[in-house]
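Heads up, the thing below is written out as structure tokens.
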Amino acid sequence: MTVYLVGAGPGDPGLLTRRGAEVLARAEVVVHDRLSVASLLDLAPAGAERISVGKTPRGPSTPQDEINVLLVARGGAGQEVVRLKGGDPFVFARGGEEAAALQAAGVAFEVVPGITSAVAVPAYAGVPLTARGLNTTVTVVTGHEDSLGGGRTDWPAVARLGGTIVVLMGVATRGFIAEQLMDGGLDPATPVAAVRWGTRPEQETVRTTLAGLGAAAIASPAVIVVGAVAGLDLAWYERRALFGRTVVVTRPPATASALTGRLVHLGAGVVELPVIEIGDPEDGGAGLAAAAAGVATYDWVAFTSANAVERFLPLLRDARAFGSAKVAAIGPGTAAALAEHRVVADLVPARFVAEALLEDLPPAPARGGRVLVPRAAVAREVLPEGLRARGWQVDVVEAYRTRTASPPASLVAAAAGADAITFTSSSTVTGFLEVAGRGALPPVVACIGPVTSATARRHGITVDVEAPVHTLDGLVAALAEVLGPRPSASAPASSR
Ligand code: SAH
């Protein structure tokens, strides 16, 4: 019905507006640029058509006229169309031409503003566009005048205005621009900050002066800031603990986001390579359903994974179904999954492994007692055997099975090129070996705990990081300590 001209922001998916996310979520067609962030495209329904319309540097791109025709055709045919554009759709982006074509054709459209790179990229580099006492104007100017056909920029006028000058699309013409600004009267010593791939893990800031701009090693796409504010350095993003590193997450999609989010927060790029899938138990769930129906007859129910919680809790008919049965969780992640269902674990051991859970559970009462352990089809016997040795009657029921997944070869290749890989269970280790093989391991291997590490070592994998606290937070903290940020990241302007 409507064509939405949506600003995607400069790269960090968190910088999409809520309105943008809303219209993406119900798009039937997404027309996007080649460099659009994959996780934003994932916000559209799986069945939505995705059309890439360029633009590769010097490569093929769809001419603007054709894009306009496409938008008019799809919108006119009654489809919900999202035209996703980098930054803001009305800032050096030809969104105005698209809107004019839609208006002329009588097709309804809406403009969803985005955070322009002109503002967001300097912010992520720690350069405030205005600073008290330093400037009273900000001029945003394109370095690629011909692309807009709108006449020439009066560079001497820009120079006279002074203040902060933000140049988009100016990498190729940076020498010319610097000359023009100096000819216009700007001091050759005026600070310059050029920020490439801003707001992304690839972000790189080169600091120079107007005199040095022409010869500085700067590649596209970059935002170039000229002016006194470019001499300020309030860097924060590039100082994050895993900034610029690429880390592989091997968990299945349903649980990957918790780990991905933590890594991204520390500035890492993440390759999600799901090597296992969670499937139904062999019996289709009959055993689990029966156990759930009789849950009140147990003294304890011991959960050793969030997956088991997610499979078991929905089978309970009534919030009071546990009766007097107590609930144990192997670690905080499992306890958090229980808490989502408003069940507060009675016991979480001090160390998050089966051995510790076993130690902390009380021995069976003299009258005898029963423990239910809903868990994966393949799992270690430490807990049930240990409980039996302590006098408990133990029912182990299969809550789910893990299967090896079959991710696309492109993801396996991306994983092999990463800086580090994370394993959060033994099944992710064996899954990875089946899917990708040992040769595809990145240089640093990080495991969540001793059981996962042991599985890795048994398969000849050297474990570089083992989380002392066996949680996602513990894993990420331990990895950050060993790996640290990308080495060149905070180094001053130089090589490339
Ligand atoms: N509509 C966009 C601008 C498109 S023009 C916006 O509002 O941001 C393309 C130019 O934007 C690039 O040449 C570069 O100068 C700048 N740019 C966009 N995203 C960028 C990023 N993540 N890092 C650095 N520069 C970026």
Side-chain angles (χ1 to χ4, degrees), residues 4-17 20 31-40 53-59 61-62 64 67 82-99 111-127 129 138-150 153 164-174 176-178 192-207 213 216-226 230 235 237-238 243-244 264 267 269 489 493 496:
Y4 299 91
L5 305 178
V6 177
D12 180 342
L15 297 180
L16 178 74
T17 63
V31 180
H32 62 92
D33 299 326
R34 197 183 64 93
L35 292 175
S36 295
V37 175
S39 59
L40 290 187
V53 290
K55 321 202 156 166
T56 48
R58 284 178 289 282
S61 72
T62 311
Q64 189 62 47
I67 297 175
V82 167
R83 168 70 174 116
L84 193 62
K85 300 170 77 75
D88 180 89
F90 275 12
V91 175
F92 296 138
R94 309 187 72 170
E97 292 162 60
E98 293 170 2
V111 182
V112 181
I115 302 187
T116 178
S117 62
V119 169
V121 169
Y124 268 56
V127 174
L129 288 188
V138 178
T139 310
V140 180
V141 52
T142 174
H144 189 31
E145 300 162 49
D146 293 338
S147 75
L148 295 156
T153 300
T164 301
I165 303 163
V166 181
V167 186
L168 303 191
M169 294 179 278
V171 171
T173 51
R174 64 191 184 282
F176 167 79
I177 292 169
V192 172
V195 190
R196 186 185 193 210
W197 285 129
T199 80
R200 306 187 187 216
E202 299 89 347
Q203 178 174 311
E204 203 166 355
T205 305
V206 171
R207 287 174 182 276
L213 179 58
I218 301 167
S220 205
V223 169
I224 302 172
V225 184
V226 180
Y237 183 54
E238 291 176 40
F243 174 75
V264 167
R496 123 163 327 280

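Predicted model only: the values in this text are computed from it and were never measured. We count ligands from 1, going down the list as the structure has it; atoms in each ligand are counted the same way.
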Taking both backbone and side-chain atoms of Val91, is any N or O found less than 3.5 Å from an N or O belonging to ligand 1? yes
Taking Leu129's backbone N and O only, do any of them form a donor-acceptor pair with Thr164's side chain (distance below 3.5 Å, no angle check)? yes
At a 4.0 Å cut-off, with the gap strictly under it, does some heavy atom of Thr199 reach an atom of ligand 1? no
Is Val223 touching ligand 1 with its side chain, its backbone, both, or neither, if touching means heavy atoms under 4.0 Å apart? both
Atom CG of Asp12 and atom OH of Tyr237: how far apart are they, to the nearest 0.5 Å? 6.0 Å
I need the atoms of ligand 1 closer than 4.0 Å to a non-hydrogen atom of Trp197, numbered in the order shown. 22 (N), 23 (N), 24 (C)
Ala93 heavy atoms, cut-off 4.0 Å: which ligand 1 atoms fall inside? 1 (N)
Evaluate the side-chain contact (heavy atoms from CB on, under 4.5 Å) criterion for residues Phe243 and Gln203: first the C-alpha distance (whole Å), next the side-chain angles of each, then the deciding distance (0.1 Å), finally the verdict. CA-CA 9 Å; Phe243 174 75; Gln203 178 174 311; 3.8 Å; yes
side-chain contact (heavy atoms from CB on, under 4.5 Å) assessment of Val112 paired with Val82: CA-CA 10 Å; Val112 181; Val82 167; over 6 Å; no
heavy-atom search around atom 16 (C) of ligand 1 in the protein gives Ser117 OG, 3.4 Å
Going by the order shown, which atoms of ligand 1 are within less than 4.0 Å of some heavy atom of Phe92? 3 (C), 4 (C), 5 (S)
Are any of the N or O atoms of Thr116 closer than 3.5 Å to those of ligand 1? yes
Only residue of Val53, Leu84, Val37 satisfying side-chain contact (heavy atoms from CB on, under 4.5 Å) with His32 is Leu84
Among protein heavy atoms, which lies nearest atom 21 (C) of ligand 1, and at what distance? Gly198 N, 3.5 Å
Does even one non-hydrogen atom of Gly86 get within less than 4.0 Å of ligand 1? yes
Ligand 1 atoms nearer than 4.0 angstrom to some heavy atom of Pro221 are 24 (C), 25 (N)
Atoms of ligand 1, numbered as shown, that sit under 4.0 Å from any heavy atom of Asp88: 1 (N), 6 (C), 7 (O)
With rounding to the nearest 0.5 angstrom, report the CZ to NZ distance, Phe92 to Lys85. 13.5 Å
Name the closest protein heavy atom to atom 14 (C) of ligand 1, giving the residue it belongs to and the distance to 0.1 Å. Ala222 O, 3.4 Å
Part of Val195 with heavy atoms under 4.0 Å of ligand 1, whether side chain, backbone, both or neither: backbone
Return the residue, atom name and 0.1 Å-rounded distance of the protein heavy atom closest to atom 9 (C) of ligand 1. Met169 CG, 3.8 Å
Would you check if Leu213 and Ile218 make a side-chain contact, meaning some heavy-atom pair closer than 4.5 Å? yes
Pairwise side-chain contact, Val166 with Val138, heavy-atom cut-off 4.5 Å (strictly under): yes
Using distance alone, determine whether Pro10 and ligand 1 share an N or O pair under 3.5 Å. yes
Rounded distance (nearest 0.5 Å) linking atom CZ of Arg83 with atom CD of Glu98: 4.5 Å
Expected list for residues 113-122: side-chain donor-acceptor pairs under 3.5 angstrom, two or more places apart:
residue : atom : partner : partner atom : Å
Thr116  : OG1  : Ala118  : N            : 3.3

